[in-house]
Enquirer: 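To start, I am sharing the structure in question, which I have written as structure tokens.
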Number of protein chains: 2
Amino acid sequence: MAPSGQSADHRPLSADDWTTRALTLLMDEGVAAVKISRLCSDFGVTKGSFYWRFDDLESLKEAIAVKWCAQSKRSLEDMAGLAALEPLERLRAMTRGVVNDRMWSVQRALRDWARSDEQVAETLAQTDAFMFGLVQQTLEELGSAPDRARTLAGLLVYASIGFAHGPSGLPQPDEGDIDGLMRLLAEDRGTRGGDQPPAT
Amino acid sequence: MAPSGQSADHRPLSADDWTTRALTLLMDEGVAAVKISRLCSDFGVTKGSFYWRFDDLESLKEAIAVKWCAQSKRSLEDMAGLAALEPLERLRAMTRGVVNDRMWSVQRALRDWARSDEQVAETLAQTDAFMFGLVQQTLEELGSAPDRARTLAGLLVYASIGFAHGPSGLPQPDEGDIDGLMRLLAEDRGTRGGDQPPAT
DNA sequence: ACCTGAACACCGTTCAAGT
DNA sequence: ACCTGAACACCGTTCAAGT
């Protein structure tokens with residue numbers, strides 16, 4: 001039988017090998033699949049092999065968090081980098097990205113782990129703060145006064161987190177809802193400083 | 001030594017005894033404390049005793065969900081029952097309730113369980129829908145057009161869920177932020193039907 | 001009807017021993 | 001340096017047997 005690809009030969013497994021495989025499992029099969037025993041059987045090694053690279057499961061989770069947050073930040077930067085688009089379109093792109101992203105399971109797992117792991121918590125916190133900054137800034141470009149931009153951005157970011165956590169009976173927003181949201185944000189335009197709000 | 005209260009004598013444990021104790025544990029010590037072995041040692045019985053009342057852990061979780069959602073719905077009704085207050089004050093009360101409630105750990109656990117348990121999911125969904133309805137209705141009383149009320153209510157409810165899931169680097173809203181939010185909602189007044197929006 | 005006791009499966013963790 | 005193998009602790013689940 002031909003070698004099945006993976007580690008049919010026995011070159012050593014790096015820490016990144018473990019982390020990459022774990023993240024893949026997390027995305028494909030959910031948090032329940034992220035188990036040391038599962039990883040070992042995937043790689044065809046025994047558990048001692050895992051413990052050579054990591055202190056325990058927690059360390060692996062921290063590594064997963066770092067890897068995923070880096071990826072996530074990069075894709076957010078890409079969206080924001082579309083500075084060519086006018087602010088409202090950028091917001092719409094981000095919203096759509098949040099709504100139909102299938103990365104939720106990862107985000108949920110990370111927030112869960114963050115509650116018992118300071119490292120994971122901090123990694124996630126940075127990503128959250130980054131996103132908050134992007135949204136706030138975009139809203140200000142849109143014409144919202146700084147105060148309102150801050151409140152609205154908080155609302156939007158928290159909503160996106162909540163959205164990742166509840167298929168629970170709430171209406172799943174469709175394109176129309178996104179339009180409604182954008183209209184709502186757009187109307188905020190002109191609330192800044194001394195400008196006159198257009199009366200329609 | 002005097003009998004320590006609990007089940008020093010051996011009257012049978014009802015299903016509700018198990019559920020009540022489990023919910024208490026969930027609130028006091030978090031989801032990690034909700035274990036069959038822990039409950040048994042608390043009650044001073046063996047595991048077989050648990051399996052006489054429940055099929056498995058899942059069944060217990062479903063029972064916990066039902067119990068907690070009923071409680072939660074009741075306290076929401078109390079808030080909404082303050083119809084004496086004007087709508088904005090009702091919203092403020094709900095917001096404050098959501099923000100400093102220490103029932104988050106319960107809510108998080110339930111949403112987690114809901115992902116692998118249809119029963120829990122449905123129980124939670126009803127509670128969510130109930131809350132959504134309350135907020136939407138209150139916003140309409142406040143003067144928002146139905147469309148906007150729907151979008152805004154969705155945003156608010158999702159934000160409250162997200163809020164329960166992320167101490168993560170986002171600014172924790174203080175009284176000032178709540179004021180800002182209320183001002184934002186209040187300005188929505190008069191957007192209804194053919195009315196003229198007041199130009200300040 | 002309600003519970004004990006002993007067994008089992010599964011998973012994380014440790015560690016001496018191998019190459 | 002990198003991994004095996006066997007052991008252990010912990011937890012959920014089952015089931016025959018007790019009262």
Side-chain angles (χ1 to χ4, degrees), chain A residues 3-4 6-26 28-65 109 112-113 115-117 119-120, chain B residues 3-26 28-65 109-110 112-113 115-117 119-120:
Chain A
S4 63
Q6 292 272 53
S7 59
D9 338 73
H10 39 278
R11 68 172 159 203
L13 291 166
S14 69
D16 196 64
D17 288 335
W18 291 98
T19 310
T20 302
R21 178 86 193 115
L23 183 50
T24 305
L25 276 176
L26 179 51
D28 291 354
E29 306 183 29
V31 66
V34 181
K35 285 176 191 162
I36 295 174
S37 47
R38 169 64 190 274
L39 287 168
C40 288
S41 80
D42 278 13
F43 281 136
V45 295
T46 58
K47 297 180 186 170
S49 177
F50 171 85
Y51 283 97
W52 175 253
R53 293 296 184 191
F54 297 90
D55 283 344
D56 45 25
L57 235 196
E58 241 186 312
S59 318
L60 176 65
K61 290 175 178 175
E62 290 166 5
I64 295 176
D112 201 36
W113 299 344
R115 241 158 270 126
S116 53
D117 186 321
Q119 292 289 329
V120 176
Chain B
S4 64
Q6 292 272 53
S7 59
D9 338 73
H10 40 278
R11 67 170 159 204
L13 291 166
S14 69
D16 196 65
D17 288 334
W18 291 98
T19 310
T20 302
R21 178 85 193 117
L23 183 51
T24 304
L25 275 176
L26 179 52
D28 291 354
E29 305 183 28
V31 67
V34 181
K35 286 176 190 162
I36 295 174
S37 48
R38 169 64 190 274
L39 286 168
C40 288
S41 80
D42 277 13
F43 281 136
V45 295
T46 59
K47 297 179 185 170
S49 176
F50 171 84
Y51 283 96
W52 176 253
R53 293 295 183 193
F54 297 90
D55 283 344
D56 45 25
L57 235 198
E58 240 187 311
S59 318
L60 177 64
K61 289 175 177 175
E62 290 166 6
I64 294 176
L110 291 188
D112 201 36
W113 299 345
R115 241 158 268 126
S116 54
D117 185 319
Q119 291 289 327
V120 176

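Quick note: numbers below take in every heavy atom, side chains included, and nothing from hydrogens, waters or symmetry partners. Chain letters run A, B, ... following the sequence lines, proteins first, then strands; residues in each count from 1.
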Enquirer: Starting from P on C/dA1, measure out to CG on B/Leu13 and report it in whole angstrom.
Expert: 17 Å
Enquirer: Can you list the residues that meet the salt bridge (charged side-chain N to carboxylate O under 4.0 Å, His left out) rule with A/Asp117, with sequence neighbours excluded?
Expert: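 Result, salt bridge (charged side-chain N to carboxylate O under 4.0 Å, His left out) vs A/Asp117: none returned.
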Enquirer: With sequence neighbours excluded, tell me which residues meet salt bridge (charged side-chain N to carboxylate O under 4.0 Å, His left out) with B/Asp17.
Expert: none
Enquirer: What are the two closest heavy atoms between B/Val120 and B/Leu110, and how far apart are they?
Expert: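 So the minimum-distance heavy-atom pair works out to CG1-O, 3.6 Å.
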Enquirer: Produce the list of close N/O pairs, under 3.5 Å, pairing protein atoms with atoms of nucleotides 13-19 of chain C; give distances to one decimal.
Expert:
{"unit_1": "C/dT13", "atom_1": "OP2", "unit_2": "A/Tyr51", "atom_2": "OH", "d": "2.8"}
{"unit_1": "C/dT13", "atom_1": "OP2", "unit_2": "A/Leu57", "atom_2": "N", "d": "3.1"}
{"unit_1": "C/dT13", "atom_1": "O5'", "unit_2": "A/Tyr51", "atom_2": "OH", "d": "3.1"}

Enquirer: In this structure, how many angstroms lie between the P atom of C/dC3 and the CG atom of B/Leu39, rounded?
Expert: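 About 14 Å, once rounded to whole Å.
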Enquirer: Using only atom types and a distance under 3.5 Å, with no angle test, would you say the side chain of B/Arg21 pairs donor to acceptor with the backbone of B/Leu39?
Expert: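 Side chain of B/Arg21 to backbone of B/Leu39, a donor-acceptor pair under 3.5 Å: no, none is there.
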Enquirer: Roughly how many Å is it from NZ in B/Lys35 to P in D/dA9, rounded to a whole number?
Expert: 16 Å
Enquirer: Which residues pass the side chain to side chain donor-acceptor pair (under 3.5 Å) test with A/Ser59, sequence neighbours left out?
Expert: A/Asp56
Enquirer: Once you apply a heavy-atom cut-off of 4.0 Å, does A/Thr46 come out as touching a base, just sugar-phosphate, or nothing?
Expert: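 Base contact - A/Thr46 has a heavy atom under 4.0 Å of at least one base atom.
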Enquirer: Is the backbone N or O of B/Leu13 less than 3.5 Å from a side-chain atom of B/Arg53, with the two atoms forming a donor-acceptor pair by type?
Expert: yes
Enquirer: Go ahead and write out DNA chain D as dot-bracket, 5' to 3': ( ) for pairs within the strand, [ ] for ones crossing earlier pairs, | when the partner sits on another strand, dots for unpaired; Watson-Crick or G-U wobble, both distances under 3.5 Å.
Expert: ||.|||||...|||||.||
Enquirer: Rounded to the nearest angstrom, tell me the gap between atom CG in A/Asp16 and atom P in D/dC2.
Expert: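 These atoms are roughly 14 Å apart.
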Enquirer: Expressed in angstrom and rounded to an integer, what is the separation of B/Lys61 atom NZ from D/dG12 atom C1'?
Expert: 11 Å
Enquirer: How close do A/Leu25 and A/Ala33 get, counting heavy atoms only, and between which atoms?
Expert: CD1-O, 3.8 Å
Enquirer: When you get a sec, tell me which of C/dG12, D/dC2, D/dT4 is the closest nucleotide to the side chain of A/Ser37?
Expert: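 Within the option list, the nearest is C/dG12.
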Enquirer: Excluding sequence neighbours, so at least two apart, what forms side chain to side chain donor-acceptor pair (under 3.5 Å) with B/Glu29?
Expert: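 Here the qualifying residues are B/Arg38.
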Enquirer: What are the two closest non-hydrogen atoms of B/Ala22 and B/Val34, and how far apart are they?
Expert: O-CG2, 4.0 Å
Enquirer: Does a nitrogen or oxygen in the side chain of A/Trp52 sit under 4.0 Å from OP1 or OP2 of D/dC2?
Expert: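 For A/Trp52, the contact criterion (side-chain N or O under 4.0 Å from OP1 or OP2 of D/dC2) is met.
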